Amino acid sequence: MDVTWIEIFLLTSFAKLLLYHSYHSTDFEVHRNWLAITNSLPIKEWYYESTSPWTLDYPPFFAWFEYVLSVPASYIDSNITTISNLDYASFSVKLYQRLTVILSDGLLCYGCAQLCSFIECFKTGKDNVHQSKRGVILKLISTLTLLCHPGLLLVDHVHFQYNGLLSGIFLLSLIHIQDNIYLSGFFFSVLLNFKHIYLYVAPAYFVHMLRRHVSFTKPPYLDMLGLMKLGGTVIAVFTVSLGPFLRHLPQLLSRLFPVHRGLCHAYWAPNTWALYNTADLLLAKVSPVLGITISAGSHASTSGLVQISEFKVLPPVTAAHCAGLTLLAMTPALVRLFHAPSTSSFLRAVTLCAFSSFLFGYHVHEKAVLVLFVPFAVLGLREKSMGELYLFMSLTGTYSLFPLLFQLQELPVKVVIFVLLHVTMATASRDLHPDFSFTPLEKAYLAGLLPHFILVEIILPFFLPRFQFLPLMVYSLYTAIGFIYTYVKLYVDLFTCRNACAY
C-alpha cells in the first residue's frame with residue numbers, strides 16, 4: 001500500500017471517527033459479549049455460553065478475531081470482558097470498539113489499492129496507475145464504492161458491525177481469481193470461516209474453480225494436480241478453523257444455522273418475501289369479499305419480532321423451500337459460467353448468486369445487501385454499463401438500510417451520507433465515462449425516493465403513529481421493486497453481453 005493509500009486510509013478513518021457519538025444497535029452489545037466469552041472461557045465453552053441472549057453464532061475464525069481484540073480490551077477496561085456485565089456501554093468500551101472497526105477497515109483499504117492496480121494494468125497494460133488522471137479517478141471511485149460506501153458507513157460505523165474487514169477479505173479473493181486461483185481459494189475459505197453468510201456465493205466459486213481445471217477441448221483435459229492443490233488449500237483452512245471444535249461440531253452448527261427464527265427478519269429485507277408478506281396481508285383484508293378462509297395463526301409477520309410467522313391466506317414457506325428456490329434462481333448464472341468461463345462472467349455469477357440468496361433466502365437480514373456491493377462494485381469499475389447499474393443498486397440498497405437508524409438525531413446523518421457520497425460517486429463516474437447515465441425508468445424510480453422518504457419518515461409516523469410497522473413495510477416494498485429490477489437487468493445482461501463477458 002503506497003503513501004497515497006495510507007493517506008486515504010487516515011483521512012477516511014478520521015471521517016469515520018466523527019460518527020463515534022452516533023446511535024449504535026444491539027450489535028454493539030453482541031460484539032462486547034463475544035469479547036467477554038472468548039476472553040473468559042475455554043474454547044470448548046464458546047459455543048455453549050448463553051448468559052446473554054446474544055450468543056456466539058459466527059464461525060471460529062471470527063471468534064478468534066474477537067479473542068485477539070479481547071486481549072487489549074481486558075487491560076483497557078476489565079469490565080468489557082466480564083460476561084455477566086450485560087449492556088455495558090462506558091466511554092472506554094464505546095471508543096475501543098469503534099476504533100477496532102475503523103482499524104479493521106485497513107484490510108479493505110489494502111484490497112482497494114490492489115483492485116485499482118489490477119483494473120488499470122488490465123485496461124492499459126501499465127504497471128503505474130499513479131501517474132494518470134484515470135488512476136486518480138479509480139482511487140476515488142473505489143474509495144466511495146468500497147472503503148467509504150455509504151451503506152458500509154451506516155451499518156459498520158453507526159449501527160455497528162465489522163463488514164469492512166469481511167469485505168476486504170472478499171475483495172482480495174475476487175481480485176486474485178484471475179492471477180492466482182489458489183490464493184483466491186485460500187481467501188474465500190478464510191472468509192467462510194469468518195462469516196458463513198458468504199455461502200451465498202460459494203456455488204459460483206465452486207463452478208469457476210472446477211472449470212479452470214477442466215477443459216473440454218480435444219482432447220479433454222483434467223488438471224488433477226491443480227485440483228488437489230486447490231482442495232488441499234481449502235481443507236487446510238477448514239481444518240485449522242474447525243479442528244479445535246470437532247467434538248462440539250453439532251452445537252457449533254446449531255448456532256450457525258438456526259432455522260427457528262422465521263422466514264423474515266423483524267424488519268423485512270426488501271426481497272420477494274416482503275412482497276409475499278404484503279400480498280398475504282392484502283388477501284386477508286379482502287378475504288370476506290372473496291370468500292377466502294383465513295388461518296387462525298397468532299404470530300403476525302408485522303409484529304416486529306424474530307419468530308416463525310404464520311400466513312393468513314398464502315401457503316407457508318419453509319427453509320427448504322427457500323433453499324430450493326435460491327438454487328433454482330442462481331442456476332442459469334452458474335450454467336453460463338460453466339460454459340463460458342471468464343473473470344467477467346465469474347463476477348456476474350458471484351453477484352447473481354448473492355442477489356438470488358438475498359431475494360429468495362430464508363430469514364435474510366436487510367444488512368445482507370452489503371455482500372452484493374463488493375462483487376458488483378468490482379464489476380462496475382471494469383465495465384461502464386455495469387457501473388451505471390451498480391450506482392442504481394447502491395442508491396436503492398443504501399436507502400433500504402435507512403430504517404436501521406431510526407432515531408431522530410440520526411436522520412440528518414444518514415441523509416447527508418447518502419446524498420453527498422452518491423453525488424460524488426456519480427460525478428467521478430462521469431469523469432471516467434462522460435456518457436454515464438441512468439435509463440428513463442431508473443430516473444423515474446430514483447425520483448420517487450424523495451416523496452417516499454417524506455411519506456415514511458414524516459407523514460406516516462405523524463398521522464398514523466399507531467401503525468409502527470407500516471413505515472418499515474413501505475420501505476421494504478419500494479426498495480424490493482428496485483432490487484428485483486436490478487436483478488432482472490443483470491440476468492438480461494448476462495445472456496446478451498458478448499465482448500464484455502469474454503475477458
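What you see is a predicted model; the values in this text were computed from it and never measured.
Between Phe188 and Phe170, the angle of the ring planes lies from 30° to 60°, which puts this pair in the tilted group. Taking the six-membered ring where the residue is Trp, His31 and Phe62 present tilted rings, their angle falling between 30° and 60°. Using a 30° and 60° split on the angle between ring planes, Phe376 and Tyr390 fall in the perpendicular class, above 60°.
Distance alone, capped at 3.5 Å, places no donor-acceptor pair between the Ser476 side chain and the Ala269 backbone. The backbone N or O of Asp156 lies less than 3.5 Å from no partner atom in the side chain of Asn163, so there is not a single donor-acceptor pair.
Residues Ser184 and Met209 have side chains in contact (heavy-atom distance under 4.5 Å, counting atoms from C-beta outward). Using a 4.5 Å heavy-atom threshold, the side chains of Thr486 and Phe483 count as separate. In this structure the side chain of Gln161 never reaches within 4.5 angstrom of the side chain of Leu152, judged on heavy atoms. Residues His149 and Thr398 are in side-chain contact: their nearest non-hydrogen atoms beyond the backbone lie under 4.5 Å apart. Between Tyr445 and Phe392, some side-chain heavy-atom pair lies under the 4.5 Å cut-off.
With sequence neighbours excluded, no residue forms a ring pair (Phe, Tyr, Trp, His ring centres under 6.0 Å) with Phe436. Partners of Phe467 by ring pair (Phe, Tyr, Trp, His ring centres under 6.0 Å), not counting sequence neighbours: none found. With sequence neighbours excluded, the residues that form a salt bridge (Lys or Arg N to Asp or Glu O under 4.0 Å) with Lys384 are Glu388, Asp435.
Listed by first and then second residue, the salt bridge (Lys or Arg N to Asp or Glu O under 4.0 Å) pairs involving residues 191-209 amount to none (not counting sequence neighbours).
For Tyr362 and Trp273, the ring centers sit 6.0 Å or farther from each other.
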Which pairs of donor and acceptor atoms, one on a side chain in residues 447-460, lie under 3.5 Å apart (sequence neighbours left out)?
unit_1, atom_1, unit_2, atom_2, d
His452, ND1, Tyr399, OH, 2.6
His452, NE2, Val474, O, 3.0
Glu457, OE2, Lys414, NZ, 3.2
Glu457, OE2, Tyr475, OH, 2.7

May I have the list of side-chain donor-acceptor pairs in residues 316-323 shorter than 3.5 Å, sequence neighbours left out?
unit_1, atom_1, unit_2, atom_2, d
Thr318, OG1, Ala320, N, 3.4
Thr318, OG1, His321, N, 3.2
Thr318, OG1, His321, ND1, 3.1
His321, ND1, Thr318, N, 3.0

